[in-house]
J.: 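Got a structure here, written out as structure tokens. Questions coming.
The analysis underlying the following values was restricted to heavy atoms, covering all of them including side chains, and did not include hydrogens, waters or symmetry mates. A, B, ... follow the sequence lines: proteins, then strands. Residue 1 opens every chain.
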There are 2 protein chains.
Amino acid sequence: MPNGIKVPMPTLERLANYLTIFSDLKIRNVETVSSADLESRAGINAAQFRKDLSYFGEFGRPGIGYNVNELQARISRILNLQKTQSVLLVGAGNLGAALAGYHPLRTENFQIVAAFDNNPNKIGKQLWDLTIQDIDEIISVNKVLQARIGIIAVPASAAQETAERLVSANVVNILNFAPTFIRIPSNVTVRHIDFLQELAVLSYYLPEDD
Amino acid sequence: MPNGIKVPMPTLERLANYLTIFSDLKIRNVETVSSADLESRAGINAAQFRKDLSYFGEFGRPGIGYNVNELQARISRILNLQKTQSVLLVGAGNLGAALAGYHPLRTENFQIVAAFDNNPNKIGKQLWDLTIQDIDEIISVNKVLQARIGIIAVPASAAQETAERLVSANVVNILNFAPTFIRIPSNVTVRHIDFLQELAVLSYYLPEDD
DNA sequence: ACCTCTTTGTGAAATAATGCGCAATCTAAG
DNA sequence: CTTAGATTGCGCATTATTTCACAAAGAGGT
């Protein structure tokens, strides 16, 4: 929903986090929170929280705070999460299987609607409730499914080709788990999750007690 | 290795990426690259690459460029990746299994040396080459293993407790895959990988063709 | 030895993100 | 109806990061 306002990427990234905090609060039957509450409960910065929201309008009431339900609803809407988003998964290995079986996706309105692989031994097999399909079929399959988000869960060596296939199947947003850079047309958005990168950053912060 | 110099976090995050690019270049038998080469080949910004390196000394030769082997070696060393880092895995579900079986970890010198769970049905079972151990044993097990990095791959509801157990077992750096905020002592570093957050950001960028 | 071409490393400028401080707003109580 | 107390939204100062642009350095040819 890239409309008029120019929202900083860090803000966008935090919005999704806020959502998980709100779910938590609802479980605890908290109906109203102030930004200061959120800071002490969930470690987020109160001023930053208010600033983040301010890009999207007014959410709270001075003197009172925020209504948790309303916050959740409005931020879900901002992030296009009110209705279920279909997602294509490419790569039915260990990681693909873990993603396809990852429950929290459903609770946030993402649904993996098809899984693809290029390995003939896997094609036709079940992955949870999905039948693994031939990657060569992706274009025709997605003509029907009309998913706009794709997940790359293949080895690095196959990532670029997978990205191109996703794009040709009309996917516009890609979540890439392969530890490699992929080139894509400028109208496609890519987010990269790299376990190695995260571990490497942690490794940097190891105390040197050798 | 948080020494004197103050390195920006974005720089640190990019360093790990650079490493994967260097591996690629080596496969292609590229011995020398300029920062401009890297920009055209791997989409990284040439000026940013040079600036990133500049926090750690001089790496290249004017008029020539960088020696790929040397770059790789020095950045590995900066990130403490010259010697294998032991990692504890908590959570032997789908995600834990995928991580334990994720080969690229080994090539970057990370080794998962133990897997823990609290589910009696899983304890004692094999997870690839590891035997799943009781989370209650984590302190005594890590007295021997001396791992300093831990991975949380448990459901959100168990993440906080898991974090505390890791800390009590002397882990100082945590990679958290649970979609929830965890409170930890200030001497512990946490990195958070949140699939939902990444998908939510992508979702924001969906064209609204509804 | 000298000139040309290339490319680094890095100050300094430009841009981006964060955090402060407070006027404006709302509630509740007297 | 007024006052006290709480808390938002937001302009602006501060801090962080990226990008620019160029002097210095090295290679290669003549």
J.: I need the CD-C1' distance between B:Glu70 and C:dT8, as an integer number of Å.
T.: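 My rounded result for the distance is 13 Å.
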
J.: Take atom CD of B:Glu31 as the centre, draw a 6.0 Å sphere, and report whether it contains more than 12 heavy atoms from other residues, nucleotides or ligands.
T.: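 Atom CD in B:Glu31 is not crowded, with 12 or fewer foreign heavy atoms closer than 6.0 Å.
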
J.: Thinking salt bridges, do A:Asp24 and A:Arg41 make one under a 4.0 Å N-O criterion?
T.: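 No, no charged N to carboxylate O under 4.0 Å.
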
J.: Would you say B:Tyr55 places a side-chain N or O within less than 4.0 Å of OP1 or OP2 belonging to D:dT17?
T.: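 Indeed not, no polar side-chain atom of B:Tyr55 lies that close.
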
J.: Rounding to an integer number of Å, can you tell me how far B:Glu58 CD sits from C:dG11 P?
T.: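 After rounding, the gap between these two atoms is 11 Å.
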
J.: Report yes if a side-chain nitrogen or oxygen of B:Lys6 is closer than 4.0 Å to either non-bridging phosphate oxygen (OP1 or OP2) of D:dT17; otherwise report no.
T.: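 It does, given that an N or O in the side chain of B:Lys6 lies less than 4.0 Å from OP1 or OP2 of D:dT17.
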
J.: Is it the case that the base of C:dG19 and the side chain of A:Lys51 share a donor-acceptor contact (distance under 3.5 Å, atom types as modelled)?
T.: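 Looking at the base of C:dG19, it does pair with a donor or acceptor on the side chain of A:Lys51 (distance under 3.5 Å).
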
J.: Is there a donor-acceptor pair closer than 3.5 Å between any side-chain N or O of A:Asn142 and the backbone N or O of A:Leu145?
T.: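 Flag not set: sc A:Asn142 to bb A:Leu145 has no pair under 3.5 Å.
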
J.: Taking the six-membered ring of A:Phe59 as reference, does the NZ or CZ atom of A:Arg74 fall below 6.0 Å from its centre and within a 45° cone about the axis?
T.: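 That pair qualifies as a cation-pi contact.
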
J.: Can A:Arg191 and A:Glu13 be counted as an ion pair, charged N to O under 4.0 angstrom?
T.: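 Yes, this pair counts.
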
J.: Check DNA chain D against residues 25-46 of chain A and give the residues with a non-hydrogen atom under 4.0 Å, in numerical order.
T.: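 A:Ser34, A:Ser35, in order of number.
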
J.: Should B:Arg50 be listed as having a side-chain N or O under 4.0 Å from OP1 or OP2 of D:dT18?
T.: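 No, no such contact exists.
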
J.: Quick check on side chain to side chain contact (heavy atoms under 4.5 Å, CB included): which of A:Leu175, A:Val90, A:Val190, A:Leu166 does A:Ile152 satisfy it with?
T.: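 Testing each of A:Leu175, A:Val90, A:Val190, A:Leu166 against A:Ile152, the sole residue satisfying side chain to side chain contact (heavy atoms under 4.5 Å, CB included) is A:Leu166.
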
J.: In whole Å, what is the span from the OH atom of B:Tyr66 to the P atom of D:dG26?
T.: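 Interatomic distance, OH of B:Tyr66 to P of D:dG26: 14 Å.
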
J.: For A:Phe49 and D:dT8, give me the distance from atom CZ to atom C1', rounded to whole Å.
T.: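 The distance from CZ of A:Phe49 to C1' of D:dT8 comes to 11 Å, rounded to the nearest Å.
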
J.: What is the distance from CG of A:Asp52 to C1' of C:dG19, rounded to the nearest Å?
T.: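 To the nearest whole Å, that distance equals 12 Å.
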
J.: Both A:Gln48 and A:Arg61 contact DNA chain C. Taking the nearest nucleotide for each, which residue is further toward the 5' end?
T.: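 The residue whose closest nucleotide sits nearer the 5' end is A:Gln48.
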
J.: Pick the nucleotide of DNA chain C nearest each of A:Ala47 and A:Pro62; which residue has the one closer to the 5' end?
T.: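 Result of the comparison: A:Ala47.
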
J.: What is the distance from CE of B:Met9 to P of C:dA17, rounded to the nearest Å?
T.: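 Taking atom P of C:dA17 as the reference, CE of B:Met9 is at 17 Å.
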
J.: Looking at B:Leu81, is its backbone amide N or carbonyl O close enough to the side chain of B:Asn109 to form a donor-acceptor pair, meaning the two atoms are under 3.5 Å apart?
T.: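 Such a contact is found between B:Asn109 side chain and B:Leu81 backbone.
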
